[in-house]
Amino acid sequence: MNFSDKPDRTSSKAHKWEKYKGTDILPMWIADTEFRCAEPILSALHKRIDDGLFGYTLPAHDTDASEAVVEWCQRRYNWKIEPSWLVWTPGVVPAFNVAIAAYCQAGDTIIVQTPNYPPILAAPAINNLNRTCIGSIEVEGRWTLDFNALEAAAADPKASLFIMCNPMNPLGSVLNQDELDTIATICRKHGVMVCSDEIHCDLILDDVPHLPASAHPELAEHSVTLMAASKTFNIAGLGTSFAIIPNQQLRDAFNHAARGRLPSVTVTGLTATNAAFRHCDDWHQQQVAYLIENRDYLVAEINKIEGLTAISPAATFLLWVNASGLQVDDTQAWCEAKGVGPSAGRDFGDKDCFRLNFGCSRDYLVEAIEKLQGLAV
């Protein structure tokens with residue numbers, strides 16, 4: 001696989017490229033990559049499509065896909081899960097909204113960390129519930145949660161659910177054992193459930209482990225872990241993810257809340273997930289190596305631009321850039337005027353920042369840096 005390729009996406013109607021269609025703005029926003037899928041995924045999809053029949057397929061009957069997830073969790077995280085713990089969902093976003101419906105009551109408060117993925121920030125209000133935001137703090141050149149703020153928020157009797165993102169989006173930090181222990185202690189002390197969005201968990205760039213929330217002994221019976229092959233293997237458009245819920249009562253409540261709300265996952269999504277987790281280890285390792293080089297280049301170059309700073313993310317293909325040093329009213333407008341289209345920081349909870357997607361050819365990163373430096377013609 002040549003990750004330096006720049007595929008022509010003009011005919012794909014990709015949301016990422018449609019946003020700036022007809023302009024000279026380079027799209028570096030939405031979190032999908034510019035990498036063509038691994039051949040084992042494409043081969044599996046071709047075989048499934050050649051079958052020519054696309055009737056109803058229940059995930060419970062696609063035991064190959066479920067077993068692939070079980071084996072992946074064992075191999076990647078040393079986490080032994082049961083197939084019965086899996087609930088297939090058409091995406092992580094509908095999944096954490098279902099979790100809210102399943103585990104929260106009218107008047108409850110949901111805790112979220114900021115800055116954060118916009119749909120997580122929006123979820124409490126969508127479900128007519130209250131939201132308490134806890135900030136992130138920089139400690140020794142690394143982003144982490146403000147645990148004092150989490151303790152205070154969890155102590156609210158109305159707080160019922162903490163939706164966290166690990167690895168963090170957009171900050172890129174990976175929670176370590178001490179941090180996860182602290183979250184478990186605080187949330188169990190105050191009776192707060194945890195819903196952990198771990199969609200980027202297979203894109204760890206530093207030599208650190210990913211620790212699934214529901215694998216933690218204090219959280220196993222009090223949490224939902226959300227994962228997918230979508231970000232890692234660039235198959236988000238196939239609408240397939242999964243929740244891992246060890247506790248049967250919580251699983252039953254989740255399934256009950258999903259009735260009439262969520263469609264089933266797609267047969268193509270199940271096929272792609274199965275192939276990704278079984279046959280794409282080499283492609284995955286090559287992608288991570290390429291992303292590490294992209295990250296290191298982008299962090300170094302961004303920090304050379306006056307007014308911009310960035311901390312190297314331990315995971316994801318996303319860089320959170322602090323643009324407060326520019327002292328401009330609208331950082332998004334500043335970037336777009338330079339010819340670069342990032343994700344707007346205000347959508348994540350910080351208007352003085354923006355998020356850059358480096359899951360692309362290095363050539364695109366070089367172009368983006370030249371534009372931001374004002375060197376591009």
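Asp282 and Gln286 form no side-chain donor-acceptor contact under 3.5 Å, judged by distance and modelled atom types alone. One side chain, Ser136 or Gln113, offers a donor N or O that lies under 3.5 Å from an acceptor on the other. Side chains of Glu151 and His190: a donor-acceptor N/O pair is present below 3.5 angstrom, by distance only. Counted by atom type alone, Trp17 and Glu34 present one or more donor-acceptor pairs between their side chains at under 3.5 Å. A side-chain donor from one of Ser196 and Glu198 sits under 3.5 Å from a side-chain acceptor of the other. In the model, Asp202 has a side-chain atom that pairs as donor or acceptor with a side-chain atom of Trp72 under 3.5 Å.
No more than 12 heavy-atom neighbours from other residues, nucleotides or ligands sit within 6.0 angstrom of CD on Glu306. Remark: Glu71 CD is packed, more than 12 non-hydrogen atoms of other residues, nucleotides or ligands lying under 6.0 Å away. Atom CZ of Arg188 has more than 12 heavy atoms from other residues, nucleotides or ligands within 6.0 Å. Applying the 6.0 Å contact sphere to NZ of Lys47 captures no more than 12 heavy atoms from other residues, nucleotides or ligands. Enclosure of atom CD in Gln105 is not indicated, since only 12 or fewer non-hydrogen atoms of other residues, nucleotides or ligands lie within 6.0 angstrom. Counting heavy-atom neighbours within 6.0 Å of Lys189 NZ, excluding the residue itself, gives a total of 12 or less.
Remark: Lys231 fails to qualify as a cation-pi partner of Phe317 under the 6.0 Å distance and 45° angle criteria applied to the six-membered ring.
A salt bridge links Asp330 to Arg346: one of the charged nitrogens lies within less than 4.0 Å of a carboxylate oxygen.
Partners of Phe3 under the ring-ring contact (aromatic ring centres under 6.0 Å, His included) rule, at least two apart in sequence or in another chain, are Phe35, Trp283, Tyr290.
For the ring-ring contact (aromatic ring centres under 6.0 Å, His included) condition, the pairs that include at least one residue of residues 205-228, sequence neighbours left out, are Tyr77-His210.
Within the 4.5 Å cutoff, the side chain of Asp206 has heavy atoms near those of the Arg295 side chain. Looking at heavy atoms from C-beta onward, Thr114 lies out of side-chain contact with Asp350 at the 4.5 angstrom threshold. Side-chain contact between Ile302 and Leu356: present, with at least one pair of heavy atoms (C-beta onward) separated by less than 4.5 Å. Met28 has its side chain out of reach of Cys335: every pair of non-hydrogen atoms, C-beta onward, lies at least 4.5 Å apart. The side-chain heavy atoms of Leu308 and Phe354, taken from C-beta on, include a pair separated by under 4.5 Å. Contact check for Lys158 versus Asn130: no side-chain heavy atoms found under the 4.5 Å cut-off. Using a 4.5 Å heavy-atom threshold, the side chains of Thr144 and Asn176 count as separate. Side chains of Thr273 and Phe233 form no contact here, defined as non-hydrogen atoms less than 4.5 Å apart.
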In sequence, state the C-alpha distance, the side-chain angles, and the governing distance for Arg142 and Glu179, and then conclude on salt bridge (charged side-chain N to carboxylate O under 4.0 Å, His left out).
CA-CA 13 Å; Arg142 175 180 173 273; Glu179 291 167 328; 2.7 Å; yes

I would like to know whether Leu262 and Val98 meet side-chain contact (heavy atoms from CB on, under 4.5 Å); could you show each step before the answer?
CA-CA 8 Å; Leu262 295 190; Val98 165; 3.7 Å; yes

Step-by-step side-chain contact (heavy atoms from CB on, under 4.5 Å) determination, Leu129 to Ser160
CA-CA 11 Å; Leu129 297 174; Ser160 58; over 6 Å; no

Dump the intermediate steps for side-chain contact (heavy atoms from CB on, under 4.5 Å) on Lys16 and Asn357, then the final yes or no.
CA-CA 11 Å; Lys16 181 179 182 180; Asn357 180 337; 3.5 Å; yes

Step by step, work out the side-chain contact (heavy atoms from CB on, under 4.5 Å) result for Ile235 and Cys37.
CA-CA 8 Å; Ile235 53 173; Cys37 281; 3.6 Å; yes

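Counting only distance, with no hydrogens or angles, the side chain of Thr109 and the backbone of Ala159 share no donor-acceptor pair below 3.5 Å. With hydrogens and angles disregarded, no donor-acceptor distance shorter than 3.5 Å links the side chain of Asp156 to the backbone of Ala152. Remark: side-chain polar atoms of Asp5 are not paired, donor with acceptor, to backbone N or O of Pro7 under 3.5 angstrom. Not one N or O on the side chain of Thr240 forms a donor-acceptor pair closer than 3.5 Å with the backbone of Ala228. Side-chain atoms of Gln332 come within 3.5 Å of backbone atoms of Pro342 as a donor-acceptor pair (strictly under, hydrogens ignored). In terms of modelled atom types and a separation under 3.5 Å, the side chain of Thr331 and the main chain of Asp352 share no donor-acceptor contact. When atom types are taken as modelled, the side chain of Asn294 and the backbone of Cys360 share a donor-acceptor pair closer than 3.5 angstrom. A donor-acceptor distance shorter than 3.5 angstrom exists from the side chain of Arg131 to the backbone of Leu121, with no hydrogens or angles considered. Checking side-chain atoms of Arg75 against main-chain N and O of Phe277 turns up a donor-acceptor pair under 3.5 Å.
Looking at every heavy atom in both residues, Glu221 comes nearest to Leu250 through O-CD1, 3.4 Å. Taking all atoms of both residues into account, the shortest heavy-atom contact from Thr232 to His284 is CG2-CD2, 3.5 Å. Heavy atoms only, all atoms of each residue included: Ile199 and Val92 are closest at CD1-CG2, 3.8 Å. When every heavy atom of Pro313 is checked against every heavy atom of Val299, the shortest pair comes out as CD-CG2, 4.2 Å. Considering all non-hydrogen atoms of both residues, Val174 and Ile204 come closest at CG2-CD1, 3.7 Å. Between Pro170 and Arg355, the closest heavy-atom pair is CB-CD, 3.7 Å.
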Under 3.5 Å, sequence neighbours excluded: what are the donor-acceptor pairs made by side chains of residues 49-65?
from, atom 1, to, atom 2, distance (Å)
Asp51, OD2, Arg48, NH1, 3.3
Asp62, OD1, Ala65, N, 3.2

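Checked against His200 for a side chain to side chain contact (heavy atoms under 4.5 Å, CB included), the options Cys165, Ser230, Pro167 give a single hit: Pro167.
Atom OG of residue Ser343 and atom CG of residue Leu319 lie 11.5 Å apart, to the nearest 0.5 angstrom. Rounding to the nearest 0.5 angstrom, the gap separating the CD atom in Glu336 from the CG atom in Asp24 is 11.0 Å. Taken from OG in Ser173 to CD1 in Ile311, the straight-line distance is 7.5 Å, to the nearest 0.5 Å. Of the inter-residue distances, the one linking Leu226 atom CG with Ile163 atom CD1 reads 9.0 Å to the nearest 0.5 angstrom. The line from CZ of Phe254 to CG of Asn247 is 13.5 Å long, rounded to the nearest 0.5 Å. Note: Asn234 CG to Thr33 OG1 = 3.5 Å, rounded to the nearest 0.5 Å.
Under the 4.5 Å side-chain heavy-atom criterion for grouping Ile, Leu, Val, Met, Phe, Trp and Tyr, Leu86 is not connected to Phe96 through any hydrophobic cluster. In the hydrophobic clustering of ILVMFWY residues, with side-chain heavy atoms under 4.5 Å counting as a link, Val70 and Met227 come out together. Under the 4.5 Å side-chain contact rule for hydrophobic residues, Val267 and Val265 do not share a cluster.
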